[in-house]
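Below: the structure, in structure tokens.
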Amino acid sequence: MRLLLFCLTVFCLFLATACQNPGKTQPSIAKSVFGKLADGREVSRHTLTNGAGVTVQIINYGATVTSLRVPDRNGKMEDVVLGYDSLTEYVNGTSYFGAIVGRYGNRIGKGLFKLDGKQYQLATNDGENHLHGGKIGFNKVLWDAEVLSDSAEPSLQLQYVSHDGEEGYPGTVTLKVTYMLTGKNELRIDYEGTTDQTTILNPTHHSYFNLSGSCTNKILDHSLMIEADSFTPVDKGLITTGQLIPVADTPMDFRTPMAIGARINDSYEQLVFGKGYDHNWVLREGSGQIRKAAELYEPASGRLMTMFTDQPGLQFYSGNFLDGTAKGKNGIAYQHRTGLCLEAQAFPDTPNKPDFPQVTLRPGQVYRQTTIYQFSTK
Ligand code: GLA
């Protein structure tokens with residue numbers, strides 16, 4: 001009888017614990033070898049898992065997110081970012097899948113800018129312009145990776161030291177990027193940068209999201225909301241003109257959730273220049289504080305991504321240059337508009353636009369950015 005009572009108590013305790021922690025996983029970080037660069041250096045991959053079983057994989061080549069598995073409304077975990085299976089493809093790729101880009105995310109007209117009266121010529125890699133840090137930007141270098149925490153909220157810090165003159169930029173810059181997978185199903189990215197000479201710094205994260213869980217689907221059915229009343233128009237070369245244009249009565253209006261495909265092919269000049277959406281939105285006031293920037297929702301899976309940042313701008317790029325030539329994970333060729341980027345940043349070509357918030361970094365100052373991609377369902 002006593003034994004029966006004991007067994008019953010143990011069983012009830014087991015049930016109670018199981019009910020309190022449905023689907024609980026032990027948070028962890030696991031490390032593996034992802035590949036070897038031509039010069040023999042090893043590239044590692046860390047897999048961060050949180051208590052809900054959400055996982056993110058990060059390689060130290062380009063500080064790149066290679067996979068991010070989050071649940072749909074039925075709890076089914078699927079990968080929601082584009083990427084490649086092998087290191088060679090990351091080395092040869094031209095799409096910046098999942099990487100940290102910099103020193104300067106987005107474009108600087110003709111790669112030219114002045115700082116304290118001195119002119120600098122950066123590498124040009126997008127026609128006559130400088131894009132995403134140049135020919136060998138932060139996405140094409142090996143970072144040092146260090147596990148900061150493998151407990152409740154696993155986090156991985158990556159560091160890269162960019163030498164004076166790299167891609168034409170002045171000063172030696174040390175950038176630390178910390179990826180954390182929080183208990184609230186957030187991928188949190190904290191940046192911290194310093195320099196030994198006055199320079200410019202404006203890094204961003206370049207994941208291509210497709211919340212449907214299958215990258216054969218276009219992102220045109222995703223609905224997007226951006227917390228912005230204006231955007232920065234561009235010229236034909238995608239260089240900002242220096243103006244801010246209200247989004248009201250234009251296809252750039254995402255103040256309320258709107259299907260991305262609803263107006264993307266309109267004959268609106270900015271959409272023609274961008275070949276779709278490839279613009280910087282001016283986030284509502286609060287730059288310097290972490291506030292909501294955007295919401296992306298995929299109706300079939302129910303996945304919702306809410307983005308927060310302390311940056312002044314948000315580049316929404318609708319994957320217009322994807323054309324099926326990039327073969328991605330599991331051999332899937334990424335077709336036109338099958339992934340989209342939401343890049344927190346300063347406004348493009350800032351150093352040449354004195355009215356835009358500037359990104360000058362001086363010795364003794366610390367560059368900081370926090371951007372959070374939070375995943376839930378509805
Ligand atoms: C950014 C730019 C786009 C394009 C992609 C990479 O988001 O705004 O114009 O260069 O990166 O292909």
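Values below: all heavy atoms of this structure, side chains included; hydrogens, waters and symmetry mates excluded. Since this is a predicted model, take the numbers as computed values, not measurements. Remember, it's 1-based here, ligands and their atoms both numbered in the order they're listed.
- A cation-pi contact, defined as under 6.0 Å to the ring centre and within 45° of the axis, is absent between R303 and F209.
- Taking the charged nitrogens against the carboxylate oxygens, R41 and D39 do have a contact shorter than 4.0 Å, which makes a salt bridge.
- In the vicinity of Y96, heavy-atom distances shorter than 4.0 Å reach the ligand 1 atoms 6 (C).
- Using modelled atom types, one side-chain atom of R73 and one backbone atom of A300 make a donor-acceptor pair closer than 3.5 Å.
- Here the two rings, on Y277 and Y317, have centers that are 6.0 Å apart or farther.
- Checking only distances, H132 does come within under 3.5 Å of ligand 1, N or O to N or O.
- Between S95 and ligand 1, no N or O atom pair is found at a separation short of 3.5 Å.
- No more than 12 heavy-atom neighbours from other residues, nucleotides or ligands sit within 6.0 angstrom of CG on D249.
- In N106, the part holding a heavy atom less than 4.0 Å from any atom of ligand 1 is the side chain.
- Those atoms of ligand 1 with a heavy atom of R107 less than 4.0 angstrom away are 2 (C), 3 (C), 8 (O), 9 (O), 10 (O).
- The protein non-hydrogen atom at the shortest distance from atom 7 (O) of ligand 1 is E343 OE2, 2.6 Å.
- At least one heavy atom of Y208 sits closer than 4.0 Å to an atom of ligand 1.
- Near L131, with a cut-off below 4.0 Å to any heavy atom, the atoms of ligand 1 are 10 (O).
- At least one N or O atom of D278 sits closer than 3.5 Å to an N or O atom of ligand 1.
- For the pair K378 and Y297, the cation sits on the ring face: its NZ or CZ lies under 6.0 Å from the ring centre, inside 45° of the axis.
- Salt bridge present: K353 and D349 bring a charged side-chain N and a carboxylate O closer than 4.0 Å.
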